[in-house]
Amino acid sequence: MTLDVAALRDEFPMLSRRVGGKPIHYLDSANSSHKPNCVIDAMSTFMREAYSPIGRSSYALASEASNAYEGARSKVAGFINAYSPCEVVFTKNATESLNLAAQSWGRANLGKGDAIVLTHMEHHANIVPWQMLAKEKGFEIRWVPLTPDFQLDLSSLDQLLRGAKAISFTSMSNVLGTINPTRELCEAAHAAGAIAIVDGCQSVPHMTTDVRAMGADMLAFSSHKMCGPTGVGVLWAREALLDAMPPFLGGGGMISEVRLDDFTCAELPNKFEAGTPPIVEVIGLGAAVDFLNRVGMTEIRRHEIEMTNYAYRALTARYGDAITIHGPTNPELRGATFSFAFRDVHPHDVSQVLDQHNVYVRAGHHCAKPLMRIIGANATARASMYLYSNEADVDALVDALDDVSSIF
Amino acid sequence: MSNLEDLYREVILDHYRSPRNKGELPPPATCTEGANPLCGDEIKIFLDVADGVVRDVRFSGHGCSISQASASMMTAIVKGKPLTDVRAVAKRFKQLMTIEEDDGTTPTDIRLGDIEALQGVVKYPVRIKCAVLGWNTLLEGLDSTST
Ligand SMILES: Cc1ncc(COP(=O)(O)O)c(C=O)c1O
């Protein structure tokens, strides 16, 4: 079954926004997605009718709210096929999830003489937390390079993994769109005695995620890229791993006992959720998961492959060599995220002209400066699509690029 | 609807397409680097200052049309000027970009000429940073040569 995109678009109020009297073409979903009514309504209804702090109070409404919050945790656990809801830790965003992995697991396990493996296509969120810790602990960071066709070059992976304690990598590049062989990477890590940490920011919103089939040990992702609200992210990790990890943030909610001279941690997942959590946002994320399940992750992926094909053909048919798309050409190996160079026009100028046509793309380094240096671009323009993107969005992009040509 | 012709005036595109004073100067000219971390634009300003006068100036680097055109126009106006005038022009430019208030200390006879064309940038707040990148780097260079 193909998606009824027109009907889906009606569920996203922002998509009917007009600017300057004209419709908008939102092509920045890799950055953050729009929200369907069911998510917006779940959050406002909860605040209007059921809001209460959770966990700490014994009145009826508090336990009702706690149940809603824990219900959302179960939904998220089901969505990624976790072994148990207690493996799902709510954070502020994927960035905090990766910092948690580094500061908790990394701090306890990495020291002089140790090594971890990252890749050349990581987002800063999966680089800097490790560099911060490496500066302090003196472990080595090794890098999986790229092939000329924008895949990970796995030819020396076993060598890179030798003696390494972890590999942390993105399941899909937010710049190139490349979908990485997550399962193969996890298997290679385990064969070398390392754990596998997956930055799932760009894949979890767009395709079926199964942490068991993947064989991952940790998975980080953000709610706001998957139709949910900002302010909440997820770190999933295997229970045994979370159990062995020291706490990250300290405070209320994460303890079972505090005395003047010591404390003991609460059970999972509370151990990693210090302070009042983003209750409303978690409820919203739960509603987003329901929405994505209703639409169907397989259908979403299929739609995005179709859109990738459409966009590729439309852009290259009109502009040929004048447009350079940085990323794999095979739509089965990539998501619907296109970083491109247009003639020799600077990406900021490209995005400025596109903006005039209500075509919203992102220009810049996309928080992946090492990757940008490697592909030899200081910046790119990036158009990225989601379940609600349609041919009209792509056509508007293609037409607006004509105007870029006429100005520059 | 705002008009892109306001932003991309012909004189700006001209400086972008054929930048003035693009290149480098050998030491003892000073070299100051500036960057806009948000967009990855990078610039180097080379300054040859003697007897309180900017004898020569060059810029190199890469960036969008606004940052390149602004740097080009800047070098054209400051070349050969006494430092006091250069600082006054920079101040007037930042006032034009609305990032500095007119405190009444800028001499009124300071003319920006072509640079006035960059006024259209003000309507696009994220681009103001592009327009002032070269100027801030120039000022930093002046500060380090005078100490
Ligand atoms: C691959 C990848 N990792 C991490 C992040 C960080 O996500 P957040 O900003 O929601 O923490 C992003 C988002 O831009 C991303 O695309």
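Within every chain, numbering begins at 1; the chains are lettered A, B, ... in the order of the sequence lines, protein sequences first and strands thereafter. Atoms considered below: every heavy atom in the structure, side chains included; atoms not considered: hydrogens, waters and symmetry mates.
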A quick test of your reading: do over 12 heavy atoms of other residues, nucleotides or ligands sit less than 6.0 Å from NZ of B:K129? no
Find the distance between NE2 (A:H348) and CZ (B:R127) and round it off to the nearest 0.5 Å. 6.5 Å
For the CD atom on B:E42, are there more than 12 heavy atoms of other groups (residues, nucleotides or ligands in this structure) within a distance under 6.0 Å? yes
Provide the closest heavy-atom pair for B:L13 versus A:I407 in the form atom of the first, atom of the second, distance. CD1-O, 3.7 Å
Should we count NZ of A:K92 as having more than 12 external heavy atoms under 6.0 Å? no
Interatomic distance, NE2@A:H357 vs CG@B:L4, rounded to 0.5 Å, equals 7.0 Å
Roughly how far apart are B:Y8 OH and A:F408 CZ, rounded to 0.5 Å? 4.0 Å
Can any side-chain N or O of A:D349 pair as donor or acceptor with the backbone N or O of B:S65 at less than 3.5 Å? yes
Ignoring hydrogens and angles, state whether a donor on the side chain of A:H346 or B:D41 is under 3.5 Å from an acceptor on the partner side chain. yes
Under 4.5 Å from a heavy atom of chain B, the part of A:V350 involved: neither
